[in-house]
Amino acid sequence: MSPVAEPNCLDCLNCRHRTLRVFCDLHAEALQEFNSMGALKHLDSGSELFAESTPVREVFVLCHGKVKLTTTSQQGKSLVLKIARPGDVLGLGAAVAGNLHEVTALATEPVQVKAIPRADLMNFLDRHAEGGVHVARSVAAEYESAFFGAKRLALSSSSAAKLASLLLEWAHASVTVASTASAGVPLRFLMPLTHEEIAGMIGSTRETVTRLLSRFKREHLIEIKGASIHLLAPEKLQELVA
């Protein structure tokens, strides 16, 4: 497998994503122990970290790259629930609850993860009360993400509003804390999904997603160059959502 690690992703102590996500932002003693746990793995695009309805053997701290979380209906239809980003902990809720994985996790590009055996994580949480608080906050953040995803599907008045909401969500998630300190930071990100997968997230069709992206381009709301999307008029996209 090809290495994908960045210099500041080699360990938890020096990771630039640590302060951007709830679970990893531990105090010195707990962070030092957490850093010694598990093993770093480099996975190719398309690799499966874990599958829906399987036992939780490890949790994965996503250090670099993106992972899509999907679920499948009894009819075999797959739905993308979320795009996980660096700092997210995958499989955490199921590990703590002792349940099977609720989703399937697939790398959408080469990724680096820290794989921690479930037993080691549970022992860590027993020793560090702070870790339990961070778990609660992380699970709450997952709930909030799921809630807004359901709200987008149920309450948005049109496919255009749903797509605009999703583009804004992805763009803001891609902006780092450091860059938000400067005014006028461009909202630019790499498209993590196919048009078919985006359609699944907003309850629409691939043809509708393609048509709406073309419309947003014509209206100079977005600029698309290859897989890169630049939101030229985020305030107008927000007006579609409102």
Side-chain angles (χ1 to χ4, degrees), residues 1-71 81-146 173 176-177:
M1 298 181 184
S2 302
V4 297
E6 295 175 334
N8 50 12
C9 286
L10 293 177
D11 60 66
C12 298
L13 300 175
N14 300 301
C15 178
R16 68 186 175 93
H17 300 299
R18 180 168 64 84
T19 57
L20 305 183
R21 298 292 187 269
V22 172
F23 186 79
C24 298
D25 195 18
L26 301 164
H27 288 112
E29 181 182 352
L31 184 62
Q32 185 73 49
E33 182 176 342
F34 187 73
N35 185 56
S36 68
M37 294 165 55
L40 287 175
K41 295 183 179 181
H42 301 103
L43 305 175
D44 293 328
S45 178
S47 297
E48 182 180 273
L49 282 72
F50 51 80
E52 185 177 357
S53 300
T54 60
V56 179
R57 295 184 174 85
E58 296 174 305
V59 296
F60 298 89
V61 181
L62 182 55
C63 304
H64 180 77
K66 297 184 182 69
V67 171
K68 66 179 178 181
L69 305 180
T70 68
T71 186
L81 301 174
K82 178 185 176 180
I83 299 299
R85 300 175 184 278
D88 287 339
V89 185
L90 310 179
L92 181 61
V96 173
N99 295 332
L100 302 178
H101 284 296
E102 305 99 335
V103 298
T104 296
L106 293 168
T108 63
E109 60 189 41
V111 300
Q112 174 186 289
V113 296
K114 182 182 178 70
I116 303 173
R118 178 179 181 271
D120 291 352
L121 176 68
M122 299 310 294
N123 289 333
F124 172 82
L125 295 178
D126 285 341
R127 291 191 300 275
H128 296 279
E130 177 193 6
V133 174
H134 284 232
V135 166
R137 290 176 177 170
S138 295
V139 173
E142 289 297 315
Y143 169 81
E144 183 179 48
S145 176
T176 65
V177 169

Worksheet item: Distance-only, no hydrogens or angles: does the Ser45 side chain make a donor-acceptor pair with backbone N or O of Thr108 under 3.5 Å?
Response: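 Between the backbone of Thr108 and the side chain of Ser45 there is a qualifying donor-acceptor contact (under 3.5 Å).
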Least distance between heavy atoms, [X] atom then [Y] atom:
X      : Y      : value
Pro117 : Gly38  : CD-CA, 4.2 Å
His101 : Ala94  : CA-CB, 4.2 Å
Met37  : Lys114 : O-NZ, 2.5 Å

Could you grab the distance from atom [atom1] of [X] to atom [atom2] of [Y], nearest 0.5 Å is fine?
X      : Y      : atom1 : atom2 : result
Asp44  : Glu109 : CG    : CD    : 12.0 Å
Lys41  : Cys63  : NZ    : SG    : 12.5 Å
Thr104 : Leu69  : OG1   : CG    : 9.0 Å

Fill in: side chain to side chain donor-acceptor pair (under 3.5 Å) involving Lys82 - partner list, sequence neighbours excluded
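Residues passing side chain to side chain donor-acceptor pair (under 3.5 Å) with Lys82: Glu142.
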Fill in: Qualifying residues under side chain to side chain donor-acceptor pair (under 3.5 Å), relative to Thr71, sequence neighbours excluded
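Partners of Thr71 by the side chain to side chain donor-acceptor pair (under 3.5 Å) criterion, ordered by chain and then number, come out as Glu52.
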Item to complete: For side chain to side chain contact (heavy atoms under 4.5 Å, CB included), just list the numbers for Lys66 and Val111, CA-CA rounded to whole Å, side-chain angles, deciding distance to a tenth of an Å, and then say yes or no.
Response: CA-CA 7 Å; Lys66 297 184 182 69; Val111 300; 5.8 Å; no
Item to complete: Answer yes or no: is there a side-chain heavy-atom contact under 4.5 Å between Val59 and Arg118?
Response: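 The answer is no, as the side chains (C-beta and beyond) never meet within the 4.5 Å cut-off.
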Practice prompt. Compare all side-chain heavy atoms of Phe60 with those of Asp88 and state whether any distance is below 4.5 angstrom.
Written response: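 Counting from C-beta outward, Phe60 and Asp88 never come under 4.5 Å.
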Fill in: Residues, nucleotides or ligands: over 12 heavy atoms within 6.0 Å of Glu48 CD
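Buried by this count: over 12 neighbours within 6.0 Å.
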Worksheet item: For Arg57, does the CZ atom sit with more than 12 other heavy atoms under 6.0 Å from it, leaving out its own atoms?
Response: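 It does not: Arg57 CZ has 12 such atoms or fewer within range.
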Side chains of residues 119-126: which donor-acceptor partners sit under 3.5 Å, not counting sequence neighbours?
from: Asn123; atom 1: ND2; to: Ala119; atom 2: O; distance (Å): 3.2

Discussion item. So if I apply the side chain to side chain contact (heavy atoms under 4.5 Å, CB included) rule between Leu90 and each of Val67, Val113, Val61, which one comes out positive?
Written reply: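 It is Val67; the other options fail the test.
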